[in-house]
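What follows is a short report on a single structure.
Heavy atoms only: backbone and side chains are in, while hydrogens, waters and symmetry mates are out. Just so it is clear, the structure is predicted and the values come from calculations on it, not from any experiment. The sequence lines fix the lettering, A, B, ..., with proteins before strands; numbering per chain opens at 1.
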Amino acid sequence: MPENEINVDEINEVLIKRAIAFPAAEIYGGIAGIFDFGPIGTLIRQKVKELWRNMFIWAEENVFEIEGGLLLPEPVFKASGHLDTFHDPLVQCEKCKSMFRADHLVEDTTGERADSLALEELWGKIIEQEIKCPKCKGSLTEPRQFNLMFETEVGATGGKKAYLRPETAQNIFLDFRRVSHAMRATLPFGIAQIGRSFRNEIAPRNYLVRMREFTQMEIEMFVHPEQINNHPYFYMIEDQPIRLITRKMQAEQEKEPLEITAGEAVKQGLIPNQFMAYYIAKEAQFVEELGIPRDNYWFRELLEEETAHYSAANFDLEIQTPMGVIECIGNAYRQDYDLSKHSKHSKTKLTIQYENKPVVPHVIEPSFGLDRIFYILMLVTYQAGDRKWSWFKLPPYLAPYHVKVCPLQKKDGLPEVARELFEELREELDAIYDQTGSIGKRYARADEIGIPFSVTIDYETLENETVTIRDRDSTEQIRVHVDDLFEVLHLLINADATWEEIKGSFAVESSKKSKGKRK
RNA sequence: GCGCCGGUGGUGUAGUGGUUAGCAUUAGGGCCUUCCAAGCCCUCGACCCGGGUUCAAAUCCCGGCCGGCGCACCA
């Protein structure tokens, strides 16, 4: 983490104050676990989504993005297993009112796995073993299910039971047949989706980390089962270094991640197949683009008890933050679990043709939590203490605006010239105009929401068509000719040139003597 | 969901039974200002919600909502 102490409460306060992210329905007291994103937050999230699309959709020729319904009928979740498994059996102590997972209590007492037991069986064990409240030894209630899905009814009379989707993945399986056919897809191919999912968490916590409504960016990659270890573009990422914590390392209490290339990890059998390794490698690149320091993230293989019943392997991207370790991406090997289940329940063939034979593809699922990624981006780029104001050192391509355009003063024709330049710039860049307050205050306002560059029109501009560019990170300024402005900004925003390089090749001398800083 | 603590302008706060609810900052407007939150003037803006006690409640009591921490939970 950055050297300076990071105060998470302080950052949350800034997020609220600047309307970047704040509790939903605030004027009615709010609702736990649901947040709204304001204009600046929305812009930054858009940039993160675009980065994701660029890397995981546009960069591939066979990944198709869809947008599915949030509300899905009950049978979907009977098939997917969510109705049976997406809940926790809870018991409550009659004396101290504490809640416990019934299956965990039974496991702790008997030493046997109990997560597959039905409610009656759990209740039977509790009676049989005379299990009492671990806190106060009080009697326990009969276990009841706490379903994590939001339930509703569709239609006016005798409505159809429906649920808000707990993951975006389900739409993809439901749409598999139509999308693959319409897009003339052949294995391997992927279907991607960015959208909201809903889980009725028992206790939402930690601001944007555990929400009841959240945004996922998911891909279901459909692969021939026999080709799972044969990704056509594996060579492109096999030298990508990754940091791994395997199950074995966890069993041996090894905390320091293993540094290894994606290719070598597959060769050594640490990652089960090329498709999963391909995504892990791409995710490492994605996290680098976000600007997360390398030492602060790793991929952890989930332990057997953490792995869902349908998954043959799970690797989570975990990031060390001032709030502790946060899981931001999950990679699951769902095999043919979902397509087979939906095929059976819907009586629909969910196969695809491969070498003249129908096959049920296997699925590799990289699942990104946008809200957590966004939150971590704000946490790690937050800067405080070096200026009179706090600011965000966002990578320029993720900033809400690329550039702020200011007239030095709002008189002598400067605003008119600045407006004109602004109108030109905004055609190609995300630009914002600001003429209110002292110039220093306007730079401060730009810093506060992470705008990386400010262009100022001054009296010299009127004479020789040069403007100043101010760099957020160094607060330095250079003067460039307006003819070079687009090129310079493009180079800086896309990180194709550093500020120092631009200073060397584009800066022009000021024709005036600096009058020095006003005190 | 349980326990403890908390909730005053947008933000941070003062106010422990009777205040025109104060301050700072932000925001909007104006004057000034030739590059890093300068200064001056004006303006907008608050006691989480609902009950109760009391002549009188931001203040005391009860409930709810929201938040923090701990426990539990996170398929």
Side-chain angles (χ1 to χ4, degrees), chain A residues 8-10 12-19 22-34 38 80-93 95-101 103-105 115 133-136 144 146-149 166-167 199-207 209-212 305-311 314 327 330 332 387-391 406-412 414 436-448 454-462 467-472 474-477 479 510 512-519:
Chain A
V8 173
D9 293 338
E10 183 183 313
N12 292 344
E13 189 189 308
V14 168
L15 293 180
I16 292 173
K17 191 162 64 183
R18 294 179 193 147
F22 51 91
E26 265 184 312
I27 62 170
Y28 286 102
I31 176 165
I34 302 185
S80 71
H82 285 96
L83 274 176
D84 293 330
T85 61
F86 200 69
H87 50 47
D88 300 318
L90 295 181
V91 290
Q92 189 168 26
C93 170
K95 204 164 119 199
C96 73
K97 306 292 178 198
S98 300
M99 305 285 291
F100 303 96
R101 281 273 299 258
D103 52 341
H104 287 189
L105 288 180
D115 56 353
C133 171
K135 269 193 188 161
C136 74
R144 63 190 164 87
F146 184 91
N147 198 296
L148 263 28
M149 285 194 293
E167 57 173 3
R199 295 178 193 183
N200 198 1
E201 296 286 352
I202 298 170
R205 278 285 164 90
N206 296 336
Y207 212 61
V209 176
R210 199 143 108 240
M211 304 199 292
R212 289 193 166 123
E305 57 266 34
E306 296 175 302
T307 304
H309 53 287
Y310 52 73
S311 183
N314 273 83
E327 162 208 335
R387 299 176 193 176
K388 290 180 200 158
W389 53 91
S390 67
W391 54 290
C406 308
L408 184 60
Q409 293 182 9
K410 51 177 166 182
K411 62 178 186 184
D412 302 329
L414 294 176
T436 307
S438 71
I439 192 69
K441 190 165 194 163
R442 284 176 271 162
Y443 291 153
R445 280 198 287 246
D447 286 354
E448 284 178 326
S454 296
V455 169
T456 300
I457 282 68
D458 58 14
Y459 291 92
E460 214 173 315
T461 310
L462 306 178
V467 296
T468 62
I469 305 180
R470 173 202 182 257
D471 174 45
R472 174 197 66 199
S474 63
T475 76
E476 289 177 351
Q477 266 179 318
R479 182 168 284 281
S510 172
K512 297 191 174 183
K513 283 272 196 240
S514 168
K515 290 190 176 175
K517 290 176 185 176
R518 187 186 52 218
K519 66 175 174 79

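- Comparing atom distances between the A/Ala203 side chain and each of B/U34, B/A72, B/A37 picks out B/A72 as nearest.
- For the side-chain hydrogen bond (donor to acceptor under 3.5 Å, both in side chains) test, residues two or more places apart in sequence or in another chain that qualify with A/Ser80 are A/His82.
- When both distances must be under 3.5 Å, the Watson-Crick or G-U wobble mate of B/C23 is B/G12.
- Searching all strands for a Watson-Crick or G-U wobble partner of B/C60 with both distances below 3.5 Å returns B/G52.
- For the side-chain hydrogen bond (donor to acceptor under 3.5 Å, both in side chains) test, no residue two or more places apart in sequence or in another chain qualifies with A/Glu26.
- The side chain to side chain contact (heavy atoms under 4.5 Å, CB included) test applied to A/Lys441 returns A/Ser438, A/Arg445, not counting sequence neighbours.
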Pull out every protein N or O sitting under 3.5 Å from an N or O of nucleotides 11-14 of chain B, one pair per line with the distance.
from, atom 1, to, atom 2, distance (Å)
B/U11, O2', A/Glu13, OE2, 3.2

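- Judged by atom type and distance alone, A/Arg205 does not reach the base of B/C73 through any side-chain donor-acceptor pair under 3.5 Å.
- Applying the Watson-Crick and G-U wobble criteria (two distances, each under 3.5 Å), B/G39 pairs with B/C31.
- In this entry B/C66 has B/G6 as its Watson-Crick or G-U wobble partner, both defining distances falling under 3.5 Å.
- For B/U34, the OP1/OP2 oxygens have a side-chain nitrogen or oxygen of A/Gln409 closer than 4.0 Å.
- Taking the nucleotide of RNA chain B with the nearest heavy atom to each of A/Ile34 and A/Ala444, the more 5' of the two is matched to A/Ala444.
- In this structure A/Asp412 satisfies the side chain to side chain contact (heavy atoms under 4.5 Å, CB included) test together with A/Tyr459, sequence neighbours excluded.
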Below 3.5 Å is the cut-off: list the nitrogen or oxygen pairs between protein and nucleotides 62-65 of chain B, distance only.
from, atom 1, to, atom 2, distance (Å)
B/C65, O2', A/Gly29, O, 3.4

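- Across all strands shown, B/G1 pairs with B/C71; the Watson-Crick or G-U wobble distances both stay below 3.5 Å.
- Among the heavy atoms of the strands lying under 4.0 Å from A/Glu448 is at least one base atom, whether or not backbone atoms are also near.
- Summarising the geometry of A/Trp391 relative to A/Asp447, their closest heavy-atom pair is CB-O, 3.1 Å, with the distance given to 0.1 Å.
- To the nearest angstrom, P of B/C66 lies 18 Å from CG of A/Asn12.
- Residue side chain A/Arg470 reaches the base of B/C36 through a donor-acceptor N/O pair under 3.5 Å, judged by distance alone.
- Each of A/Val467 and A/Arg212 lies near RNA chain B, and the nucleotide nearest A/Val467 is the one positioned closer to the 5' end.
- Judged as a side-chain hydrogen bond (donor to acceptor under 3.5 Å, both in side chains), and not counting sequence neighbours, the contacts of A/Glu306 are A/Arg300.
- In this structure a side-chain-to-backbone donor-acceptor pair under 3.5 Å is missing from A/Arg470 to A/Glu476.
- Applying the side chain to side chain contact (heavy atoms under 4.5 Å, CB included) criterion to A/Ala332, with sequence neighbours excluded, gives A/Ser311, A/Asn314, A/Arg334, A/Glu365.
- Taking side-chain N and O atoms only, A/Thr475 has no distance below 4.0 Å to OP1 or OP2 of B/C36.
- Not counting sequence neighbours, the partners of A/Thr307 by the side-chain hydrogen bond (donor to acceptor under 3.5 Å, both in side chains) test are A/Arg247.
- Partners of A/Tyr207 according to the ring pair (Phe, Tyr, Trp, His ring centres under 6.0 Å) rule, which considers only residues two or more places apart in sequence or in another chain, are A/Phe35, A/Tyr375.
- Residues satisfying the side chain to side chain contact (heavy atoms under 4.5 Å, CB included) test with A/Arg210, not counting sequence neighbours, are A/Glu201, A/Ala203, A/Arg205.
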With 3.5 Å as the limit, what N/O pairs link the protein to nucleotides 25-32 of chain B?
from, atom 1, to, atom 2, distance (Å)
B/A27, OP1, A/Arg445, NH1, 2.9
B/A27, OP2, A/Lys441, NZ, 3.3

